[in-house]
> 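Please read through the structure below; I'll follow up with questions.
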There are 2 protein chains.
Amino acid sequence: MNMEVAGRLTALRRKMAETGADLVAIGPGAHMQWLLGFHPHADERPCMLFVGAEREAFLMPALNVEGTRENTDIAFHAWSDDEGPAAALADALADVDAAKARRIALDETMRADFALLMVDALPAAARSFTADTIGALRMRKDAGEYRLIKENAQINDRAMLAAFAAVRPGVTELEIAEVVRNHYPTEGAKAVFTIIGSGPNGAYPHHATGSRKLRDGDAIVIDIGGTKDGFFSDMTRMAAVGRPPDGYEEVHAIVDAAVEAALKAARPGVQAKAVDAAARGVITDAGYGDYFVHRTGHGLGIEVHEPPYLTSVSDTVLETGMVFSIEPGIYIPGRFGIRLEEIVILREDGPEIFSELPRSVHLAGR
Amino acid sequence: MNMEVAGRLTALRRKMAETGADLVAIGPGAHMQWLLGFHPHADERPCMLFVGAEREAFLMPALNVEGTRENTDIAFHAWSDDEGPAAALADALADVDAAKARRIALDETMRADFALLMVDALPAAARSFTADTIGALRMRKDAGEYRLIKENAQINDRAMLAAFAAVRPGVTELEIAEVVRNHYPTEGAKAVFTIIGSGPNGAYPHHATGSRKLRDGDAIVIDIGGTKDGFFSDMTRMAAVGRPPDGYEEVHAIVDAAVEAALKAARPGVQAKAVDAAARGVITDAGYGDYFVHRTGHGLGIEVHEPPYLTSVSDTVLETGMVFSIEPGIYIPGRFGIRLEEIVILREDGPEIFSELPRSVHLAGR
């Protein structure tokens, strides 16, 4: 086992002791990727890593054994399509002393049928999720992770500039998205999502980019992200074709002030809900509270959304090294939406913003 | 509600009655896509469709309401990031009379935390999965679905020819994959997976395509698939650089004979395990039984893997209109692997193969 994996397993066991979890079950996804540096092919075949107080064991589909064996020396309990997973699961659970577990923590992101295998195998155990063990550990990024997120953010800045350059009357949302998607590969990255919400479509925070053509007077929400080397980017900026709609500048200034307020509130030792409150307070005081329909932010790293979540009820205490978005928005149905999103890493003296682009509206000519 | 959705809901309720499921809970994935023709943005926010004996209800994150409202007239029970989903979930469950449900069927593919919300909300209900309701309904494809799968298969044939053309000494697996990935967009499709397993890597059925360079005497497994218009393709063929390894032709002939035996065995009214047995029998009789480490096939449609699964224990009765793969393989560790995969639709008189490419080895010059 390499040093990094050994270190992360030790950190996980410390968190397990803190949270009272005797056994952790992790599916082939981001949590496993963080812990082991890889995960086996994910499909409908049950595949789980079990971490007990002292030992680990892997429930592994037989056809993934050869391809993953070189990545880890954790014991495999393999099962073939013919046998099904029942016997291998029982063996793997015995290997980690699961019968003694009073509380199990399940990977909240894994498939329902994987999780219910565990619930049925250990019906007396109390249940929790790995959000407060592995999820909590993933929140704080080290210097290597910082560099990878920074590189992704710089690529995303240039993808945003490519989007800005494509904004003009008559172009469709999908055409702008295509320009963005084509940018990432020029820098060795891949596109992950491209929300281009023009005119009234901008009022849908998760708008499905479509064939609407931009016209004079449209405001456009551009929320894009890519991935390189296993990390992600995520940023939202605004553009407009010609003169923005009436009242647009005022609302933009309110959202920008909300970002600034959140940046000021985000300090080590502060609860995440205080950052949400800071952004939300600015928007509510300006009379737009009902139009800010989502949380203020989410963590980012090896997933686009990961802990910490910055909601009005989150008591997560912010610490240095945490990476998260600050992205207040105001969405006025039928008219326009404005969201401004920064990804930051929390330093001793406050947040450092990854993007190097201003949050001003990109005004495209008519 | 449009006619197609109404028809599928009626078919689902018939299956629910047959299988004793009083309530079905579906996450934002392929099952929902099939049933409603869309699904809301999938992330960590609980989002589920509930189908009871008489009514439907949607648990919906507030920020997805505007973007999805136009797609369905099913009642939304929306919740905001601030409120959390608890109250909306209780309302939605009351709306579908969940308290009376003796058996609930959960979407086996949805997130563990979504499923456990249901388990905790209805602790007395027996549990099953939607594999035998929606999964079963999805197995049989109609004429429109057939046409879309055929179009995807034809695109995939041409992607395979592009891969063949790229096979030569010195090229890496990743470079061949890149050629394949670039082919799909030229036909309006997207790449989904590209397994290029050269030489000994071919012996890993789920090999992670890497930087190994092809050399003279290598056999190469090429297993690729793309997507267009919401349907998928999946096919495996073999290539070789120069003279294939000793014994290669013999093993190839055995795998091809296994495909032929499975094609002959697949008839309406036959259990899926009989098809697996036919392919496996040929390989076992030839002395390679231990090297065929996976099932014979899987369904394909709006997912790359979906029911029916053709395993040695599957008692699923095959019916006309079912679409599935036939893909026996022989994997000899340290030497080479051979898999030949066809996607077929079952007709009255047997399987119709979608691909128009022969299963012979593509021999590339040195």
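Sequence lines set the chain letters: A, B, ... in the order given, protein chains first and strands last, and positions in each chain run from 1.
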> What's the separation between atom CG in A/Asp81 and atom CG in B/Leu310, rounded to the nearest 0.5 Å?
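Going from the CG atom of A/Asp81 to the CG atom of B/Leu310 covers 11.0 Å.
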
> Identify the two heavy atoms, one from B/Arg127 and one from A/Asp120, that lie closest to each other, and give their separation to 0.1 Å.
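What the structure gives for the nearest pair is NH2-OD1, 2.7 Å.
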
> Inspect the surroundings of CZ in A/Phe193 and state if more than 12 heavy atoms from other residues, nucleotides or ligands are less than 6.0 Å away.
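Yes.
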
> Among A/Pro205, A/Ala208, A/Pro40, which residue has the highest count of heavy-atom pairs closer than 4.5 Å to chain B?
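Top count of heavy-atom pairs under 4.5 Å with chain B: A/Pro205.
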
> Name the region of B/Val65, side chain, backbone, both or neither, that has any atom closer than 4.5 Å to a heavy atom of chain A.
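B/Val65 has no heavy atom closer than 4.5 Å to chain A.
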
> By a 4.5 Å heavy-atom criterion (distance strictly below it), what part of A/Asn64 contacts chain B: side chain, backbone, both, or neither?
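For A/Asn64, side-chain heavy atoms alone lie under 4.5 Å from chain B.
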
> Sort by residue number and list every residue of residues 292-304 of chain A having at least one heavy atom under 4.5 Å from chain B.
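So far as heavy atoms go, A/Val293, A/His294, A/Arg295 are the residues that approach chain B to under 4.5 Å.
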
> Who in residues 324-338 of chain A is close to chain B, using a strict under-4.5 Å heavy-atom cut-off?
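So far as heavy atoms go, nothing in residues 324-338 of chain A approaches chain B to under 4.5 Å.
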
> Could you report the tightest heavy-atom contact between A/Thr109 and B/Arg111, atom names first, then the distance?
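Looks like CG2-NH1, 3.7 Å.
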
> I'd like to know which of B/His207, B/Lys273, B/Glu306, B/Arg280 tops the heavy-atom pair count under 4.5 Å against chain A.
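That would be B/Arg280.
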
> Does anything in residues 41-50 of chain B reach chain A? List residues with heavy atoms under 4.5 Å apart, or say none.
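Residues of residues 41-50 of chain B touching chain A at under 4.5 Å: B/His41, B/Asp43, B/Glu44, B/Arg45.
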
> Name the member of B/Asn201, B/Asp113, B/Val119 that forms the most heavy-atom pairs with chain A at distances under 4.5 Å.
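Among the listed options, the one with the most contacts to chain A is B/Asp113.
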
> Rounded to the nearest 0.5 Å, what's the gap from OG on B/Ser314 to CG on A/Asp82? Could you check?
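Result: 11.5 Å between the selected atoms.
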
> Would you say the side chain of B/Leu116 lies within less than 4.5 Å of the side chain of A/Leu106, judging by non-hydrogen atoms?
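In contact.
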
> Please enumerate all residues that pass side-chain contact (heavy atoms from CB on, under 4.5 Å) together with A/Thr236, with sequence neighbours excluded.
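Only A/Val221, A/Asp223, A/Arg339, A/Glu341 meet the side-chain contact (heavy atoms from CB on, under 4.5 Å) criterion with A/Thr236.
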
> Measure the OG1-OH distance between B/Thr68 and A/Tyr204 for me, rounded to the nearest 0.5 Å.
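Going from the OG1 atom of B/Thr68 to the OH atom of A/Tyr204 covers 9.5 Å.
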
> Restricting to non-hydrogen atoms, name the atom on A/Ala112 and the atom on B/Asp107 that form the minimum distance, rounded to 0.1 Å.
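A/Ala112 and B/Asp107 have their closest heavy atoms at CB-O, 3.5 Å.
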
